[in-house]
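Residue numbers start from 1 in every chain, and the chains themselves are labelled A, B, ... in the order their sequence lines are given, proteins ahead of strands.
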Amino acid sequence: ETGVTQTPRHLVMGMTNKKSLKCEQHLGHNAMYWYKQSAKKPLELMFVYNFKEQTENNSVPSRFSPECPNSSHLFLHLHTLQPEDSALYLCASSQDVAGGPGETQYFGPGTRLLVL
Amino acid sequence: KQEVTQIPAALSVPEGENLVLNCSFTDSAIYNLQWFRQDPGKGLTSLLLIQSSQREQTSGRLNASLDKSSGRSTLYIAASQPGDSATYLCAVSPLEGGSQGNLIFGKGTKLSVKP
């Protein structure tokens with residue numbers, strides 16, 4: 001496997017369910033990100049991890065809980081979600097988040113989430 | 001608050017045409033600007049990254065320009081092909097919060113190139 005992978009690719013869950021999204025990067029990067037892409041809205045940054053430490057939480061509701069056990073893996077734990085949380089959730093990684101000026105982020109294919 | 005706008009929202013052209021996609025941003029205090037491509041149901045692929053000190057970048061049939069003072073960028077695609085059909089996203093890395101990897105995205109332009 002190369003690049004950034006995400007599982008599952010599709011997920012349907014009820015509002016009372018608990019599920020987790022998984023992201024894995026095979027690029028040796030130190031920074032990982034969660035984004036939300038809703039219909040008709042711009043891509044929104046949710047969380048940033050740098051060297052396993054969370055450095056950004058973009059005012060995300062507590063029903064979304066990230067976990068970064070190591071620099072290669074990133075999880076997004078979901079519980080008691082709302083229908084408006086239905087979206088494409090994208091994971092990305094970059095070599096070093098502090099290298100802002102020239103840093104490119106590499107994106108996974110995303111998880112399409114539907115909350116019923 | 002930085003906002004990124006892309007015009008048009010959708011564009012359909014016949015194969016072989018040259019085309020221009022537009023991106024504007026409200027705050028010129030940026031590290032860089034990037035153009036991404038997104039295929040349906042897929043993640044994003046970085047096409048071009050322009051540093052704030054640069055005026056343009058080229059990759060194959062793609063050319064991106066940046067006018068930071070006016071808050072504008074264009075993506076020029078030469079001799080378009082059906083395989084260019086995708087959504088093109090513009091994103092800026094703001095100086096404030098940019099060091100945390102925060103990219104501000106536009107809503108994208110959905111391009112369709114007809115054979």
Are L11(A) and Y89(A) close enough, and set up right, to give a side chain to side chain contact (heavy atoms under 4.5 Å, CB included), and what steps lead you there? CA-CA 11 Å; L11(A) 179 62; Y89(A) 288 85; over 6 Å; no
When the 4.5 angstrom heavy-atom criterion is applied to Q6(B) and chain A, the contacting part is neither
If we ignore angles and hydrogens, is there a donor and acceptor under 3.5 Å between the side chains of S20(A) and H77(A)?
-> yes
Residues of residues 105-115 of chain B with a heavy atom under 4.5 Å from any heavy atom of chain A, in residue-number order, are F105(B), G106(B), K107(B)
Under 4.5 Å to a heavy atom of chain B? For Q37(A) that would be side chain
Open item on the list: Is it the case that over 12 heavy atoms from other parts of the model lie below 6.0 angstrom from the CZ atom of R55(B)?
Closed with: no
Quiz prompt | M15(A) vs Q82(A), side chain to side chain contact (heavy atoms under 4.5 Å, CB included): CA-CA, chis, key distance, verdict | solution = CA-CA 6 Å; M15(A) 289 190 286; Q82(A) 304 298 311; 4.1 Å; yes
Cut-off 4.5 Å, heavy atoms of chain B, and the answer for L88(A) is side chain
What side-chain donor-acceptor pairs closer than 3.5 Å can you find for residues 69-76 of chain A, not counting sequence neighbours?
unit_1, atom_1, unit_2, atom_2, d
N70(A), OD1, S72(A), N, 2.9
N70(A), OD1, H73(A), N, 3.1
N70(A), OD1, H73(A), ND1, 2.9
H73(A), NE2, E24(A), OE2, 3.4

With sequence neighbours left out, the residues meeting ring pair (Phe, Tyr, Trp, His ring centres under 6.0 Å) with F107(A) are Y35(A), F36(B)
Show me the donor-acceptor pairs within less than 3.5 Å that the side chains of residues 11-19 of chain B make with the rest of the protein, sequence neighbours left out.
unit_1, atom_1, unit_2, atom_2, d
N18(B), OD1, A79(B), N, 2.8
N18(B), ND2, Y76(B), OH, 3.4

